[in-house]
Amino acid sequence: MDSNGLEGVVVANTELSDVDGERGRLVIRGHDVEELAPHHDFESVCGLLWTGFLPDAAANAAMREAFGRARVRAFARLPSLGDALDAADAMDALRASLAHLRADDISPAELKVELVAAVAVFAAAWSRQHEGRAALAPDPALGHAADYLRMAGAAADATRARALDAYLVTASDHGMNASTFTARVVASTHSDAVSAVVAAIGALKGPLHGGAPGPVLAMLDAIGAPEHAGRWIAGELAAGRRIMGMGHRVYRVRDPRAAVLEHAIEQLHAAGLRSNRLALARAVETVAVASLGERRPQRRLAANVEFYTAVILDAIGLPQSLFSATFAVARVAGWLAHIDEQLAGGRLIRPASRYVGPQPRVREAA
């Protein structure tokens with residue numbers, strides 16, 4: 001049975017992002033992610049993904065204002081979401097709450113803004129409710145990253161908001177990953193963007209896709225101190241368990257997004273917001289790379305984006321229960337760009353399958 005998961009199969013031509021697994025490079029619409037994340041906010045990269053150009057100051061301000069107004073409208077919808085936010089898991093709550101949105105009587109451009117805003121508002125509201133607190137109304141004057149932090153109950157100062165912007169930019173798009181492919185399959189049927197995003201949320205929920213940053217944090221807490229990393233990792237490998245945050249389906253070298261987030265954490269430290277997990281994470285990464293290299297010399301495993309995602313989201317004050325939903329807050333920008341691209345030039349996605357089941361009995365001649 002062929003179980004390669006479509007590896008190496010090209011399903012679309014795209015202008016949105018290029019993942020070079022051999023060289024460890026991520027290009028988003030002509031820009032290396034290492035250049036985008038330190039210098040541009042999430043609103044700018046939404047503009048880049050949706051139009052092909054980084055917006056100028058006026059266009060960026062207009063995008064920021066549009067997101068702010070849309071967050072207010074999304075917050076007004078909370079009473080109409082039924083029991084969607086009662087779910088124990090953030091991704092279940094996000095999937096159920098987004099399904100209440102309608103694509104009727106709104107332009108595709110407006111719907112993109114509404115969906116980006118709704119993902120942030122609904123995720124933050126779920127987190128507050130999950131902790132037994134009332135949802136916080138948006139502040140439309142703030143940038144998207146800062147307001148998301150504030151709505152989630154974290155400090156929303158400029159330093160933390162800039163770190164979250166770096167994460168949102170870094171996670172905004174990443175080639176034909178599972179959730180993006182899901183969104184494009186739904187879009188290829190000419191269904192609406194709400195349906196495509198809800199389907200993508202379902203794919204992102206899976207632990208093999210967006211569900212791993214939380215376990216990375218749990219791993220670091222279990223190790224506790226850099227000097228314990230060697231013994232702990234040796235025990236996990238001896239037991240046949242995975243080292244969370246190590247290795248990637250595409251990258252054969254270190255994930256470039258890990259370096260971007262590591263740098264963003266260093267910037268937090270420089271501003272006085274220190275995380276004792278950075279030194280621990282670096283020690284664990286060093287030991288894990290060496291240990292895995294000894295066991296699998298034919299395939300070098302290195303840190304992926306989830307490894308430092310856990311550290312940066314924790315450092316800026318977001319709870320572990322919100323990590324995967326925060327991934328969706330970022331990736332919805334890319335999903336929406338891919339939905340547009342699929343509708344503009346793609347056919348119905350209808351791959352073939354190979355039947356390997358039993359054949360009917362041959363009928364005997366009368």
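All residue numbers in this chain count up from 1 along the given sequence.
Using bins of under 30°, 30° to 60° and over 60° for the plane-to-plane angle, the ring pair Trp50/Phe67 lands in the perpendicular bin.
Looking at every heavy atom in both residues, Phe42 comes nearest to Ala330 through CE1-O, 3.7 Å. Minimum interatomic distance between Asp139 and Arg150 (heavy atoms only, all atoms of both residues): N-NH2, 3.0 Å. Annotation for Leu278 and Glu266: closest pair CD2-CG, 4.3 Å, computed over non-hydrogen atoms. Here the closest heavy-atom approach between residue Arg102 and residue Ala99 is recorded as NH1-O, 3.1 Å. For the residue pair Ala134 and Arg128, the shortest heavy atom distance occurs at O-NE, 2.9 Å. Across every non-hydrogen atom of Ile339 and Ala187, the tightest pair is CG2-CB, 3.9 Å.
To the nearest 0.5 Å, the span separating OG on Ser44 from CG on Asp56 amounts to 9.5 Å. Atom CZ of residue Arg162 and atom CD1 of residue Ile316 lie 11.5 Å apart, to the nearest 0.5 angstrom. The distance from the CG atom of Leu313 to the OG atom of Ser275 is 11.0 Å, given to the nearest 0.5 Å. Interatomic distance, Leu49 CG to Lys112 NZ, rounded to the nearest 0.5 Å: 10.5 Å. Between the CZ atom in Arg257 and the OG atom in Ser172 there is a gap of 10.0 Å [rounded to 0.5 Å]. Note: Asn60 CG to Leu54 CG = 9.5 Å, rounded to the nearest 0.5 Å.
Ser80 places a side-chain N or O within 3.5 Å of a backbone atom of Arg77 that can act as its donor or acceptor partner. Between the side chain of Thr180 and the backbone N or O of Met176, no donor-acceptor pair lies under 3.5 Å. With Ser97 contributing its side chain and Ala84 its backbone, the two residues share no donor-acceptor pair below 3.5 Å. Put simply, the side chain of Asp32 never gets that close to the backbone of Glu35: no donor and acceptor are under 3.5 Å apart. Remark: the backbone N or O of Pro138 is not paired with any side-chain donor or acceptor of Asp147 at under 3.5 angstrom. Under a 3.5 Å cut-off, the side chain of His228 and the backbone N or O of Ile223 do form a donor-acceptor pair. Gln129 places a side-chain N or O within donor-acceptor distance of the main-chain N or O of Leu85, the cut-off being under 3.5 Å. Here the side chain of Ser291 pairs no donor or acceptor atom with the backbone of Ala288 at under 3.5 angstrom.
Ile349 and Val11 fall within the same hydrophobic cluster, defined by Ile, Leu, Val, Met, Phe, Trp and Tyr side-chain heavy atoms under 4.5 Å apart, directly or through other members. Taken together through direct or relayed side-chain contacts under 4.5 Å among Ile, Leu, Val, Met, Phe, Trp and Tyr, Leu142 and Val116 form parts of separate hydrophobic clusters. In the hydrophobic cluster analysis, where Ile, Leu, Val, Met, Phe, Trp and Tyr join through side-chain heavy atoms closer than 4.5 angstrom, Val260 is grouped together with Leu164. Connection of Val10 to Phe181 is not established within any shared hydrophobic cluster, with ILVMFWY side chains joined at heavy-atom distances below 4.5 Å, either directly or through further cluster members. No path of Ile, Leu, Val, Met, Phe, Trp and Tyr side chains, each step under 4.5 Å between heavy atoms, connects Val27 with Val33, placing them in separate hydrophobic clusters.
The shortest distance between side-chain heavy atoms of Tyr308 and Ile265 falls below 4.5 Å. Between Leu98 and Val119 there is a side-chain heavy-atom pair separated by less than 4.5 Å. Between Glu236 and Met219, every side-chain heavy-atom pair lies at or beyond the 4.5 Å cut-off. Contact of the His174 side chain with the Arg331 side chain is registered, since non-hydrogen atoms from C-beta on lie closer than 4.5 Å. In this structure the side chain of Glu262 reaches within 4.5 angstrom of the side chain of Arg282, judged on heavy atoms. Using a 4.5 Å heavy-atom cutoff, the side chains of Leu322 and Trp126 are in contact. A heavy-atom distance below 4.5 Å is not found between the side chains of Glu34 and His263. Side-chain contact between Val311 and Leu220 is present, with at least one heavy-atom pair separated by less than 4.5 Å.
Residues Glu43 and Arg64 are not paired through a salt bridge, judged by the lack of any N-O separation under 4.0 Å between the basic side chain and the carboxylate. In this structure, Asp18 does not pair ionically with Arg25, as no charged nitrogen and carboxylate oxygen lie closer than 4.0 Å. Using a 4.0 Å cut-off between charged nitrogen and carboxylate oxygen, Lys205 and Asp92 count as a salt-bridge pair.
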Evaluation steps, side-chain contact (heavy atoms from CB on, under 4.5 Å), between Val121 and Tyr148: CA-CA 7 Å; Val121 170; Tyr148 177 62; over 6 Å; no
Val332 and Val197: CA distance, side-chain angles, deciding distance, side-chain contact (heavy atoms from CB on, under 4.5 Å) verdict: CA-CA 7 Å; Val332 66; Val197 168; 4.2 Å; yes
Worked check of side-chain contact (heavy atoms from CB on, under 4.5 Å) between Met63 and His144: CA-CA 10 Å; Met63 180 78 80; His144 198 64; over 6 Å; no
Trace of the side chain to side chain donor-acceptor pair (under 3.5 Å) decision for His209 with Ser179: CA-CA 8 Å; His209 188 9; Ser179 58; 2.8 Å; yes
Full working for side-chain contact (heavy atoms from CB on, under 4.5 Å) between Leu16 and Ile28: CA-CA 6 Å; Leu16 298 173; Ile28 298 178; over 6 Å; no
Check against salt bridge (charged side-chain N to carboxylate O under 4.0 Å, His left out), Arg277 and Asp221: CA-CA 9 Å; Arg277 286 195 173 99; Asp221 287 344; 2.6 Å; yes
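For the residue pair Asp173 / His338, a side-chain donor-acceptor distance below 3.5 Å is found, with atom types taken as modelled. Side-chain contact annotation: Glu110 with Ser107, donor-acceptor N/O pair under 3.5 Å present. Between the side chains of Asn13 and Glu341, no donor-acceptor pair of N or O atoms lies under 3.5 Å. Looking at Thr326 and Tyr167, their side chains never bring a donor and an acceptor atom within 3.5 Å of each other.
Within 6.0 Å of atom CZ in Arg241, more than 12 heavy atoms from other residues, nucleotides or ligands are found, so the atom counts as buried in its surroundings. Shown here is Arg133, whose CZ atom has more than 12 heavy atoms of other residues, nucleotides or ligands within 6.0 Å.
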